[in-house]
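Worksheet: the structure to be examined is printed underneath.
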Amino acid sequence: MSIGTKLARNAAALAVAGAVLLGTAGAASAAPGAPYLGYGRTTSGNGVWCVQHNINFLVNQLYAQGTITTPPPYRTLSEDSSWGPRTDANVRWFQKMVGLGQDGVVGPATGSRLLTLGDQDYNGSPLTGSHGWCWNYIPGDFN
C-alpha cells in the first residue's frame with residue numbers, strides 16, 4: 001500500500017471517528033432522483049445496498065481504530081439490497097452516533113452523512129467533489 005493510500009485511509013478513519021464523537025452539521029441537498037430509503041419508502045435495490053455497504057464500512061473502520069463506544073446492534077449487515085430489521089436497526093444506530101433523530105429512514109440528512117463518512121471508493125470524495133456510484137442512489141450530498 002502506497003504512502004498516499006495510507007494517508008488517505010488514515011484521514012478517512014479520523015473523519016469517521018470525529019464525526020461519530022462530535023456529529024456533523026450542514027445543509028443537505030438530495031442527489032437527483034435518489035429516493036428516501038427505509039420502511040414505508042424504498043426497501044430494495046441499489047440504494048439499500050449502498051446504505052448496507054456504507055454502514056458495514058463505517059463499523060469496520062471504527063472497530064479497526066478501537067474507537068467504537070456504542071456497538072451497533074449487528075456487527076455486519078448482509079449486503080443483499082433488501083431492507084429488513086437488521087438494516088433498520090443499524091441505520092438507527094448510525095443516526096444516533098451522528099446526532100440525528102432515529103427514525104430509521106435514510107433521507108438527505110442521514111444520506112449526506114453516509115456519503116461523507118462512508119466508503120469513498122463507492123461514494124466519491126467530499127474533498128474533490130467527485131461523485132461515485134452510490135451518490136446516485138443515496139439521498140443527500142457531501143457536507
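Note that this is a predicted model, so its numbers are computed, not measured.
Looking at Asn60 and Arg75, their side chains do bring a donor and an acceptor atom within 3.5 Å of each other. Looking at His131 and Asn136, their side chains never bring a donor and an acceptor atom within 3.5 Å of each other. For the residue pair Asp141 / Trp135, a side-chain donor-acceptor distance below 3.5 Å is found, with atom types taken as modelled.
Between Pro71 and Tyr63, the shortest heavy-atom contact is CB-OH, 3.5 Å.
Cys50 contributes atom SG, which lies 9.0 Å from atom CG of Leu37 (distance to the nearest 0.5 angstrom). Distance CH2/Trp49 to OG/Ser82: 15.0 Å, rounded to 0.5 Å. The structure places NE2 of His53 at 14.5 Å from OH of Tyr137, a figure rounded to the nearest 0.5 Å. Once rounded to the nearest 0.5 Å, the distance linking CD of Gln61 with CD1 of Ile68 reads 11.5 Å. The structure places CG of Asp121 at 7.5 Å from CZ of Phe57, a figure rounded to the nearest 0.5 Å. A distance of 11.5 Å separates OG1 of Thr42 from OH of Tyr36, quoted to the nearest 0.5 Å.
None of Thr87, Asn90, Thr76 except one satisfies the side chain to side chain donor-acceptor pair (under 3.5 Å) rule with Gln52; the exception is Thr87.
Following chains of ILVMFWY side-chain contacts shorter than 4.5 Å, one can reach Ile55 starting from Tyr39, so the two form part of one hydrophobic cluster.
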Inset, instruction - Please report the C-alpha distance between Val105 and Thr110 in whole Å, then the side-chain angles of each, then the deciding distance to 0.1 Å, and finally whether the side-chain contact (heavy atoms from CB on, under 4.5 Å) criterion is met. - result: CA-CA 8 Å; Val105 173; Thr110 302; over 6 Å; no
Inset, instruction - Evaluate side-chain contact (heavy atoms from CB on, under 4.5 Å) for Trp83 paired with Val106, printing each intermediate quantity in order. - result: CA-CA 11 Å; Trp83 195 277; Val106 178; 4.0 Å; yes
Inset, instruction - Any chance you could lay out the side-chain contact (heavy atoms from CB on, under 4.5 Å) test for Leu117 and Val98, step after step, and finish with the verdict? - result: CA-CA 10 Å; Leu117 301 172; Val98 296; 4.0 Å; yes
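Within 6.0 Å of OH in Tyr74 there are more than 12 heavy atoms belonging to other residues, nucleotides or ligands.
When atom types are taken as modelled, the side chain of Gln102 and the backbone of Trp93 share no donor-acceptor pair closer than 3.5 angstrom.
Considering only heavy atoms from C-beta on, Asn123 comes within 4.5 Å of Asn54 through its side chain.
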